[in-house]
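Here is the structure we will look at, set down as structure tokens.
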Number of protein chains: 2
Amino acid sequence: MENIVPHLAKGRKPVEPEKLIRREPVDPATFKRMIRQMGLKVTQQRLAILETLSGGRAHVTAQEVFETVNGKYPEIGFATVYRFLRKMAEQKLVTEVRMGGLPARYELTPRRHHDHLTCTQCGLIVEFENQIIENLQEQVARAHNFRLTHHVLELYGICPRCQAE
Amino acid sequence: MENIVPHLAKGRKPVEPEKLIRREPVDPATFKRMIRQMGLKVTQQRLAILETLSGGRAHVTAQEVFETVNGKYPEIGFATVYRFLRKMAEQKLVTEVRMGGLPARYELTPRRHHDHLTCTQCGLIVEFENQIIENLQEQVARAHNFRLTHHVLELYGICPRCQAE
DNA sequence: TGCTAATTGACAATCGTTCTCATCTCAAAT
DNA sequence: ATTTGAGATGAGAACGATTGTCAATTAGCA
């Protein structure tokens with residue numbers, strides 16, 4: 001059956017791994033600083049979670065983080081992963097990316113703000129920045145006397161490779 | 001505990017009812033046409049759901065639709081509501097509005113496309129149109145050779161009334 | 001009016017996420 | 001180094017939204 005709610009097809013063929021956006025690994029010492037900065041205790045679990053967030057694919061679900069960390073620290077519970085991700089999101093150290101009704105994906109908050117362009121066929125995520133759009137959003141909020149706190153801009157479409165097929 | 005995932009506070013005071021966006025009721029005969037147009041059978045349940053979608057608050061959750069319809073037709077099951085809303089969303093007759101991790105809200109697809117500006121304190125929803133933003137989105141997609149299918153633009157902030165408090 | 005596929009209601013199941021609580025551990029103060 | 005207590009953890013139950021299952025019902029054409 002078709003799923004309309006999720007903007008990504010369920011039985012989709014996954015995007016080629018080498019196309020996934022990745023980020024440079026972060027120095028482990030930095031992690032401790034980040035955790036202390038949040039006023040939290042430094043634990044093995046939290047370091048492992050940060051390591052996972054930093055090393056591989058940029059946009060991961062809580063489940064994916066759990067599974068990866070679970071490989072190294074089999075005793076970890078998924079509640080810990082969810083809890084820490086939430087804490088970090090509160091402090092804006094990680095950013096949630098929500099695509100329709102699908103599980104939330106998390107990324108270490110990048111220095112520069114960006115939005116996402118997602119392929120509904122293969123799940124490819126392309127990041128883009130557009131300051132003009134940002135400005136126009138501010139303008140819209142001002143016009144309605146809102147104080148803007150954040151926004152969600154997700155574009156969905158078919159990537160070049162999937163169009164070709 | 002703070003909830004970061006939903007972009008709306010859980011224990012929020014609800015928006016004043018008269019501020020809720022409403023739409024003009026639609027002629028019942030139109031409903032039958034809409035249902036037939038989708039290649040579906042006309043049933044009391046479906047008419048009641050459409051009536052609910054059309055009459056009151058513009059943006060309603062599936063649960064709210066269920067409860068309203070349930071008042072008139074106590075035998076209705078919520079599966080019927082979900083099923084029909086999904087069918088209509090597939091056919092783009094209704095549009096889903098997703099705000100963070102909160103339950104999806106549905107509205108009869110309006111003639112003119114618009115996006116939403118939501119108050120994270122009281123849940124007030126303001127609709128806005130901005131053709132320039134739309135154009136820029138198209139431009140971004142083109143720049144990455146994507147064929148754009150749809151987008152989600154939700155702005156979140158504090159409405160004037162909540163700022164005043 | 002009778003037939004048949006579409007639709008329904010009841011409720012179980014699922015999925016992502018959060019809560020509970022007894023146990024454990026980091027790190028500040030000794 | 002040891003104590004100690006707030007904070008963190010793991011296991012699993014609970015949760016809320018949504019979807020699936022299936023036998024019983026119904027719309028609408030012949």
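Order of the sequence lines sets the chain letters (A, B, ...), proteins ahead of strands, with each chain counted from 1.
- One interatomic measurement links the two molecules: CZ of F66(A) to C1' of dT18(C), which rounds to 15 Å at whole-angstrom precision.
- Note on ring orientation: taking the six-membered ring where Trp is involved, the planes of F78(B) and F66(B) are perpendicular (angle over 60°, cut-offs 30° and 60°).
- The OH atom of Y73(A) sits 18 Å away from the P atom of dA8(D) (whole-angstrom rounding).
- For the pair I76(B) CD1 and dT7(C) C1', the computed distance is 11 Å after rounding to whole Å.
- When distances run from any side-chain atom of T80(B) to the nucleotides dG9(C), dT18(D), dT17(C), the shortest one goes to dG9(C).
- Contact annotation: R105(A) does not reach the phosphate of dG16(C) (side-chain N/O to OP1 or OP2, under 4.0 Å).
- Although no hydrogens or angles enter the test, the distance criterion places no donor-acceptor pair under 3.5 Å between the side chain of T52(B) and the main chain of V65(B).
- Of the residues near DNA chain D, Q63(B) and G77(A), the one whose nearest nucleotide (by heavy atom distance) lies more toward the 5' end is G77(A).
- Checked by atom type, the side-chain pair E134(B)/N130(B) shows no donor-acceptor distance below 3.5 Å.
- For the pair R36(A) (side chain) and V42(A) (backbone), a donor-acceptor distance under 3.5 Å is absent.
- Nucleic acid contact class of R83(A) (heavy atoms, under 4.0 Å, all strands): base.
- Between H59(A) and H116(A), the angle of the ring planes goes over 60°, which puts this pair in the perpendicular group of the 30/60° scheme.
- Salt bridge status for R105(B) with E154(B): absent, with no side-chain N to carboxylate O gap under 4.0 Å.
- A straight line from CE of M38(A) to P of dG7(D) spans 15 Å, rounded to a whole angstrom.
- What separates CG of L102(B) from C1' of dT18(D) is a distance of 15 Å, to the nearest Å.
- At whole-Å resolution of the value, OH in Y106(A) and C1' in dG16(C) are 10 Å apart.
- Residue contacts shown for F78(A) include a base, since a base heavy atom lies under 4.0 Å away.
- Close placement of the H151(A) and H113(A) rings is indicated, their centers lying within 6.0 Å of each other.
- Protein atom CZ of R46(B) is 10 Å distant from nucleotide atom P of dG28(D), rounded to whole Å.
- dT17(C) atom P lies 15 Å from atom CE of M88(A), rounded to whole Å.
- Note on Y82(A): every side-chain N or O is 4.0 Å or more away from OP1 and OP2 of dT18(C).
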Under a 4.0 Å heavy-atom criterion, the protein footprint on nucleotides 23-30 of chain C, written with B, S and -, is ---BS---
